[in-house]
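Sequence lines set the chain letters: A, B, ... in the order given, protein chains first and strands last, and positions in each chain run from 1. It should be emphasised that the depicted structure is a prediction, and the values quoted were computed from it without experimental measurement.
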2 protein chains.
Amino acid sequence: MNGLPSVERAIAIFSRFPGIGKKSAGRMIYHLLRYGERDIEQLLQALQNLRDRVKTCRICHNLAEGDICWVCNDKKRDRSLLCVLEEPSDLMAFEKAGFFKGTYHVLGGRLNPLDDVGPEQLNMSSLEKRLLSGEIKELVIATNPTVEGEATAHFVAQLANSSGSKVTRLAYGLPMGGELEYLDESTLYQALTGRREF
Amino acid sequence: MNGLPSVERAIAIFSRFPGIGKKSAGRMIYHLLRYGERDIEQLLQALQNLRDRVKTCRICHNLAEGDICWVCNDKKRDRSLLCVLEEPSDLMAFEKAGFFKGTYHVLGGRLNPLDDVGPEQLNMSSLEKRLLSGEIKELVIATNPTVEGEATAHFVAQLANSSGSKVTRLAYGLPMGGELEYLDESTLYQALTGRREF
């Protein structure tokens with residue numbers, strides 16, 4: 001379209017981010033070009049640091065700057081309570097909320113046969129090892145409430161059954177602040193069947 | 001909050017983009033980290049190219065990869081018709097639409113005394129030189145329809161008055177596809193006072 005291949009290419013690459021279309025990507029690139037080299041330098045530096053410093057925790061597969069992540073390094077966390085999650089971003093949601101005092105295991109995705117993601121593609125064998133160590137008293141399954149997340153939850157539950165750990169799953173029900181009127185049927189069904197004494 | 005300063009820093013830097021909050025920035029960074037090094041490499045390469053290759057056109061101050069931009073380089077463009085714009089992104093909007101066959105002059109912003117942007121901070125002296133060359137028959141002012149854009153338009157019009165060029169301004173009125181019901185008063189006023197014979 002125009003004589004700026006570098007701009008076109010940058011827009012194409014920024015459009016790959018989730019939730020960023022060609023229009024937003026263009027706005028981002030023009031913003032960068034308008035505010036000049038200092039901004040581009042800072043962005044380059046930040047991305048190089050991401051590439052060079054951010055690794056995966058040897059124990060739980062969380063993101064880590066170093067060999068072991070800040071959760072696994074924290075002596076105050078309860079090592080008998082283990083929460084299984086799909087992605088580091090799910091772990092961040094828990095850590096932001098701040099009430100969970102156990103440790104984590106990040107699977108690195110969810111079972112999805114259509115995309116050729118089986119148990120071997122996820123961090124299942126290291127989970128099995130942790131379960132067999134006998135240290136885990138309760139395993140909280142916190143995969144997403146989607147079809148693939150549920151399938152993954154079932155697989156993890158089976159894995160844990162032989163270990164003697166108690167296995168729990170996050171509760172389903174009404175999201176706080178939501179309105180019944182706008183809730184989908186299956187959430188409403190889960191909220192009703194999972195009702196508790198008041 | 002967590003033990004990932006590089007991630008925090010990258011999120012902070014991505015949050016500076018227009019329309020990108022901390023949440024979207026986080027999603028972008030986790031996306032990058034999930035899809036691994038190849039994506040980060042491509043992003044780094046694209047940003048380095050932006051920094052190293054994209055310059056400003058010596059004639060019209062449009063973005064250019066080289067000394068002169070693709071519009072000024074195009075022999076088929078009408079050099080007697082000059083369109084004055086605030087930013088290269090405004091020029092892109094015209095080029096995308098594709099109907100304008102003249103050339104451009106990018107001011108690099110708008111007059112804004114509160115932000116200390118006066119005529120000296122904009123590409124006004126090069127505009128004056130182009131006007132004095134006698135080549136320009138019509139100057140189309142296409143600054144934004146905002147308070148600062150209007151002030152800039154008035155300044156440019158005064159600059160052009162002594163040159164003998166005809167000076168025009170983009171029309172104000174109803175945006176195509178919009179609905180009267182949702183239009184602001186001043187646009188409606190402009191549409192009414194600027195009405196034309198049917």
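With rounding to the nearest 0.5 Å, the separation of CG in A/Leu111 from OG1 in A/Thr152 is 4.0 Å.
Note on B/Arg16, B/Arg53, B/Gln45: by heavy-atom pairs under 4.5 Å with chain A, the leading option is B/Arg16. No other option in B/Arg27, B/Gln42, B/Arg9, B/Glu41 has as many heavy-atom pairs under 4.5 Å with chain A as B/Gln42. For the set B/Ser89, B/Gly66, B/Ser6, the entry with the most heavy-atom pairs within less than 4.5 Å of chain A is B/Ser6. With respect to chain A, the highest number of heavy-atom pairs below 4.5 Å among B/Leu44, B/Asp39, B/Leu32 belongs to B/Leu44. Each of B/Leu50, B/Asn49, B/Ile40 has some count of heavy-atom pairs under 4.5 Å with chain A, and the biggest count is that of B/Leu50. In terms of non-hydrogen atom pairs under 4.5 Å with chain A, the most contact-rich of B/Asn62, B/Leu43, B/Val54 is B/Leu43.
The number of heavy-atom neighbours closer than 6.0 Å to CZ of A/Arg79, taken from other residues, nucleotides and ligands shown, is above 12. The number of heavy atoms from other shown groups lying within 6.0 Å of NZ (B/Lys55) is above 12.
Under the 4.0 Å criterion applied to side-chain N and carboxylate O atoms, A/Arg34 and B/Glu86 are not assigned as salt-bridge partners. With respect to A/Arg110 and A/Glu87, no salt bridge is recorded, no charged nitrogen being found less than 4.0 Å from a carboxylate O.
For chain A, the nearby part of B/Leu33 is the side chain; its heavy atoms alone come within less than 4.5 Å. In this structure, chain A has no heavy atom under 4.5 Å from any part of B/Ala12.
Side-chain contact between A/Lys166 and A/Leu139 is absent, with no heavy-atom pair separated by less than 4.5 Å.
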